[in-house]
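In what follows, every heavy atom counts, from backbone to side chain, and hydrogens, waters and symmetry copies are set aside.
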Amino acid sequence: MVTIPRQSIVSATVSMRVLVYSDDASTREKVRLAIGRRPAADVPLVEIVECATQPAVIKRLDSGEIDVAVLDGEAVPAGGMGISRQAKDEVYDCPPICLIIGRRDDRWLADWSRADAVVAQPLDPMALAEAVADLMRRRSASRISSH
């Protein structure tokens, strides 16, 4: 029988890494502020990892260290929709993705991208925090069930 020290279990749930991708620093800041340190009382603290380029996002997702990703669908030159679709196709155990879309009419493109959650601009901080918290819960549940 393998015994896992209690401290290891506690430290594993102290925080979750949330990747925030946008080429626009002000968009990343709005997302970071909306999520805060803890988007809901029943989820762990958040450690924000900011990325401004597609290669940086893919590298971070491939590392396996990201728990949830928030991608800007309007980013250039690589939009979050394409990155989401690529990640869902190529990244092993891809974390849940929240996609920020420019218009509500772009929801069909978000479906194409296989994003797990969608939030439209202008950003509603409460809606974004709720979406991220839900994805954090899903990620935690999937990790518990896979062990």
Side-chain angles (χ1 to χ4, degrees), residues 1-75 78-102 104 106-107 110-111 113-147:
M1 181 171 151
V2 175
T3 304
I4 299 172
R6 181 172 169 76
Q7 183 180 11
S8 297
I9 295 169
V10 172
S11 65
T13 60
V14 170
S15 69
M16 292 180 83
R17 286 192 179 104
V18 176
L19 181 141
V20 176
Y21 165 70
S22 179
D23 64 313
D24 182 352
S26 68
T27 299
R28 291 193 308 271
E29 181 181 19
K30 288 176 189 172
V31 171
R32 191 177 64 249
L33 292 173
I35 295 169
R37 291 288 297 141
R38 179 178 274 158
D42 65 328
V43 298
L45 293 172
V46 169
E47 178 185 332
I48 299 286
V49 177
E50 291 188 36
C51 293
T53 66
Q54 181 217 17
V57 172
I58 298 301
K59 180 179 179 180
R60 289 296 194 144
L61 293 177
D62 278 339
S63 75
E65 298 173 353
I66 300 299
D67 297 297
V68 173
V70 179
L71 307 179
D72 180 1
E74 302 298 310
M81 290 182 218
I83 293 173
S84 176
R85 177 113 180 167
Q86 178 185 359
K88 293 294 184 173
D89 285 343
E90 298 175 3
V91 174
Y92 174 75
D93 193 26
C94 185
I97 295 173
C98 178
L99 188 63
I100 299 170
I101 57 175
R104 294 196 188 282
D106 291 339
R107 185 170 284 285
D111 290 341
S113 73
R114 292 195 245 151
D116 301 280
V118 179
V119 177
Q121 292 274 18
L123 280 180
D124 174 353
M126 296 295 283
L128 182 59
E130 185 177 311
V132 170
D134 182 53
L135 296 180
M136 290 172 70
R137 289 182 200 104
R138 284 196 227 173
R139 185 64 164 185
S140 291
S142 72
R143 291 226 164 128
I144 290 170
S145 66
S146 67
H147 284 82

(message) Rounded to the nearest 0.5 Å, what separates atom CG in Asp72 from atom CZ in Arg28?
(response) 10.0 Å
(request) Could you pull out the closest heavy-atom pair between Ala75 and Asp23, with the gap in Å? (result) CA-OD1, 3.2 Å
(message) Going by the rule side-chain hydrogen bond (donor to acceptor under 3.5 Å, both in side chains), which residues pair with Arg138 if we only count those two or more places apart in sequence or in a different chain?
(response) Asp134
(message) Tell me every residue that passes salt bridge (charged side-chain N to carboxylate O under 4.0 Å, His left out) with Arg85, counting only those two or more places apart in sequence or in another chain.
(response) none
(message) Which heavy atom of Ile66 sits nearest to which heavy atom of Leu19, and what is that distance?
(response) CG2-CB, 3.8 Å
(message) Rounded at 0.5 Å granularity, tell me how far OG in Ser140 sits from CG in Asp67.
(response) 7.0 Å
(message) Between Gln54 and Ala78 (side chain of the first, backbone of the second, donor and acceptor by atom type, cut-off under 3.5 Å), is there such a pair?
(response) no
(message) Tell me the closest heavy-atom pair linking Arg38 and Pro44, and the distance in Å.
(response) NE-C, 3.8 Å
(request) Any chance you could lay out the side-chain contact (heavy atoms from CB on, under 4.5 Å) test for Thr27 and Val20, step after step, and finish with the verdict? (result) CA-CA 9 Å; Thr27 299; Val20 176; over 6 Å; no
(message) Is there a side-chain contact (heavy atoms from CB on, under 4.5 Å) between Asp124 and Val119? Walk through the geometry before answering.
(response) CA-CA 8 Å; Asp124 174 353; Val119 177; 5.6 Å; no
(request) Grab the two heavy atoms, one from Leu135 and one from Ile97, that are nearest each other, plus how far apart they are. (result) CD1-C, 3.8 Å
(message) Atom CD of residue position Gln121 - does it have more than 12 heavy atoms of other residues, nucleotides or ligands inside 6.0 Å?
(response) yes
(message) Ignoring hydrogens, what is the shortest heavy-atom contact between Ala34 and Pro125? Give both atom names and the distance.
(response) CB-CA, 3.7 Å
(request) Drop me the distance from Leu33's CG to Ile48's CD1, to the nearest 0.5 angstrom. (result) 9.5 Å
(message) Looking at Lys88, I'd like to know if its NZ atom is crowded, meaning that more than 12 non-hydrogen atoms belonging to other residues, nucleotides or ligands lie closer than 6.0 Å.
(response) yes
(request) Locate the shortest heavy-atom distance separating Arg139 from Pro95; write the atom from each residue and the value. (result) NH1-CA, 3.4 Å
(message) To the closest 0.5 Å, what do you measure between CE (Met81) and CG (Leu99)?
(response) 5.5 Å
(request) Please confirm whether the backbone N or O of Arg60 pairs with a side-chain atom of Ser63, one donor and one acceptor, at under 3.5 Å? (result) yes
(message) Using the rule given for side-chain contact (heavy atoms from CB on, under 4.5 Å), can you reason through Met136 versus Asp42, listing the C-alpha separation, both sets of side-chain angles and the distance that settles it, and then say yes or no?
(response) CA-CA 10 Å; Met136 290 172 70; Asp42 65 328; over 6 Å; no
(message) side-chain contact (heavy atoms from CB on, under 4.5 Å), that's the test. Do Lys59 and Cys51 meet it? Break it down for me.
(response) CA-CA 10 Å; Lys59 180 179 179 180; Cys51 293; over 6 Å; no
(message) Keeping Arg37 on the side-chain end and Val46 on the backbone end, is there a donor-acceptor pair under 3.5 Å?
(response) yes
(message) Strictly distance-based, threshold 3.5 Å: is any side-chain N or O of Ser84 a donor or acceptor partner for the main-chain N or O of Ser113?
(response) yes
